Student: 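So that we are looking at the same thing, I have put the structure below in structure tokens.
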Amino acid sequence: MKILTTAKKVVDVELTIHVENGAIVEDGLQYVINAWDENAVEASVQLKENNGAETTLVSIGSGDNTDMIRKCYAMGIDNGIHIDDPALEKADSFVFAKVLQKVYEAGEYDLVITGKQAQDTDSGQTGIILAECLGIACVSNVIAIEIIDDGKIKVSRLGDMGTEIVEVVLPAVITVSDSINEPRLPAMRGIMMAKKKKIQVMDLAGLGTSYDEVGGGSLKSEVIEFMESEKRQGGQKFEGDAAEITAKVVDLLVNEAKVF
């Protein structure tokens, strides 16, 4: 089985992010692998370890994506592809999906595993659009994967009414939830070996396509501006006798907040 996994570089959301004039202030920002993509990498490596799958990671972005790809190598990914083309700087989910389609078609993969969404946009569309472009099955929000045979897998997904069990004929695309696993911390040996591994780097021309061909000339969506979330007023803190506090809180809820 050949597995293609995706990884996106995103701003570290654990840091304080500032916005000025509708744009994110870049000074002091740090970038990390998208959390859901890290779960996808871990899922792929587990399938490699338990079922002998061959794993390939693809990342779209600028030159500093290399460190992220090497981290995925250290986690256990076999091969790395870096699509580095300035034309993709403002690409949307549809464009990313069309680029990934070209990668998929060049590699003849059996399974594509992506994170269900990205921390920067929370769009959650790329994997699903990719499956539609390829005309293959897609299951989203997956929390477990089981190999049945070379042509089928069984996955569990979080649905609206609970956990759903789906049998999927390959090839297919699945997008994984962060509930599927706990990504491993790379061991020192893996980190050292990852430094020596080759990464296949190419632009759109090297991939046999162009920005217009992947939909860049007519973007389906565009980020117009960023806005900081509204700051909420701090709540009241009560200390003292439990009975007195309870009476005071109930009075405020009834007469001030009017929730009863």
Side-chain angles (χ1 to χ4, degrees), residues 1-10 13 32-60 68 72 75-78 92-101 103-105 107-185 220-221:
M1 175 181 290
K2 293 181 65 177
I3 299 174
L4 180 66
T5 309
T6 62
K8 184 180 182 182
K9 181 188 69 177
V10 297
V13 295
V32 295
I33 181 173
N34 175 50
W36 284 277
D37 289 341
E38 197 166 5
N39 291 112
V41 170
E42 177 65 27
S44 300
V45 173
Q46 289 184 14
L47 289 174
K48 167 191 169 180
E49 293 171 340
N50 299 328
N51 302 94
E54 178 186 340
T55 57
T56 298
L57 179 105
V58 57
S59 182
I60 302 171
M68 183 180 67
C72 296
M75 291 175 68
I77 290 292
D78 297 312
D92 61 7
S93 297
F94 181 82
V95 171
F96 285 134
K98 294 296 289 184
V99 174
L100 293 174
Q101 179 184 2
V103 176
Y104 173 92
E105 291 172 343
E108 299 180 351
Y109 298 94
D110 302 296
L111 180 63
V112 181
I113 304 179
T114 78
K116 74 166 187 173
Q117 63 197 80
Q119 289 169 282
D120 51 1
T121 63
D122 281 333
S123 177
Q125 298 182 68
T126 302
I128 297 170
I129 296 173
L130 171 61
E132 182 67 21
C133 292
L134 293 171
I136 60 179
C138 179
V139 183
S140 61
N141 211 15
V142 169
I143 58 171
I145 309 168
E146 178 185 341
I147 304 295
I148 298 177
D149 55 39
D150 290 341
K152 290 181 183 178
I153 60 173
K154 182 166 67 176
V155 300
S156 302
R157 71 177 300 273
L158 292 177
D160 294 335
M161 304 300 291
T163 302
E164 302 169 357
I165 310 298
V166 184
E167 188 174 290
V168 187
V169 176
L170 300 177
V173 176
I174 62 173
T175 74
V176 301
S177 163
D178 55 357
S179 299
I180 192 170
N181 55 45
E182 184 68 33
R184 69 191 65 191
L185 293 174
K220 310 295 183 185
S221 61

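The structure presented is a predicted model; accordingly, all values stated were derived computationally and were not measured.
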Student: Name the residue from V173, V103, T55, L130 that meets the side-chain contact (heavy atoms from CB on, under 4.5 Å) definition with L4.
Tutor: V103
Student: Nearest 0.5 Å, please: how far is CD1 in I60 from CZ in F96?
Tutor: 5.5 Å
Student: Return the OH to CG distance between Y109 and L100, rounded to the nearest 0.5 Å.
Tutor: 10.5 Å
Student: Kindly compute the distance separating CD1 (I180) from CD1 (I174), expressed to the nearest 0.5 Å.
Tutor: 6.0 Å
Student: Are any of the side-chain nitrogens in K2 or E108 under 4.0 Å away from the carboxylate oxygens of its partner?
Tutor: no
Student: Determine yes or no for a side-chain-to-main-chain donor-acceptor pair under 3.5 angstrom, with N39 supplying the side chain and N181 the backbone.
Tutor: yes
Student: Supply the atom-to-atom distance E42 CD to M75 CE, rounded to the nearest 0.5 angstrom.
Tutor: 5.0 Å
Student: Between G124 and I128, which heavy-atom pair has the shortest distance, and what is it?
Tutor: O-CD1, 3.7 Å
Student: What is the minimum heavy-atom distance between L57 and A7, and which atoms define it?
Tutor: CD1-CB, 3.7 Å
Student: Shortest non-hydrogen contact from D78 to K48?
Tutor: OD1-NZ, 2.8 Å
Student: Does any N or O in the side chain of Q119 come within less than 3.5 Å of the main-chain N or O of A35, such that one atom is a donor and the other an acceptor?
Tutor: yes
Student: Got L111 and L47 here, is their nearest side-chain heavy-atom distance under 4.5 Å?
Tutor: yes
Student: Holding to side chain to side chain donor-acceptor pair (under 3.5 Å), I want the full list of residues that pass it with E54, two or more places apart in sequence or in another chain.
Tutor: N79
Student: Has N34 got a side-chain atom pairing as donor or acceptor with Q117's backbone, closer than 3.5 angstrom?
Tutor: yes
Student: The criterion is side chain to side chain donor-acceptor pair (under 3.5 Å); which residues satisfy it with D120, sequence neighbours excluded?
Tutor: K8
Student: Does Q125 reach the side chain of E132, with side-chain heavy atoms less than 4.5 Å apart?
Tutor: no
Student: Any idea which heavy atoms bring S177 and N141 closest together, and the distance?
Tutor: CB-OD1, 3.3 Å
Student: Taking all heavy atoms of I3 and all of S44, pick out the closest pair and write down the distance.
Tutor: CG2-OG, 3.7 Å
Student: Would you say the side-chain atoms of Q101 pair up with the backbone N or O of L134, donor to acceptor, closer than 3.5 Å?
Tutor: no
Student: I'd like to check the salt bridge (charged side-chain N to carboxylate O under 4.0 Å, His left out) partners of K9; sequence neighbours left out, ordered by chain and number.
Tutor: D64
Student: In Å and rounded to the nearest 0.5 Å, what is the CD1 to CD1 distance from I153 to I147?
Tutor: 6.0 Å
Student: Verify the neighbour count for atom CG of D150: are there more than 12 heavy atoms of other residues, nucleotides or ligands below 6.0 Å?
Tutor: no
Student: Looking at S221, is its backbone amide N or carbonyl O close enough to the side chain of D92 to form a donor-acceptor pair, meaning the two atoms are under 3.5 Å apart?
Tutor: yes
Student: What I'd like to find out is whether the side chain of K98 reaches to under 4.5 Å of the side chain of C133, using heavy atoms alone.
Tutor: yes
Student: Which heavy-atom pair separates G127 from T114 by the least distance, and what is that distance?
Tutor: CA-OG1, 4.2 Å
Student: Would you find a donor on one side and an acceptor on the other, under 3.5 Å apart, between the side chain of D37 and the backbone of A40?
Tutor: no
Student: Once rounded to the nearest 0.5 Å, what's the spacing between atom CG of N51 and atom CD of E146?
Tutor: 9.5 Å
Student: Side chains of V10 and V32, heavy atoms from C-beta outward: is any pair under 4.5 Å?
Tutor: yes
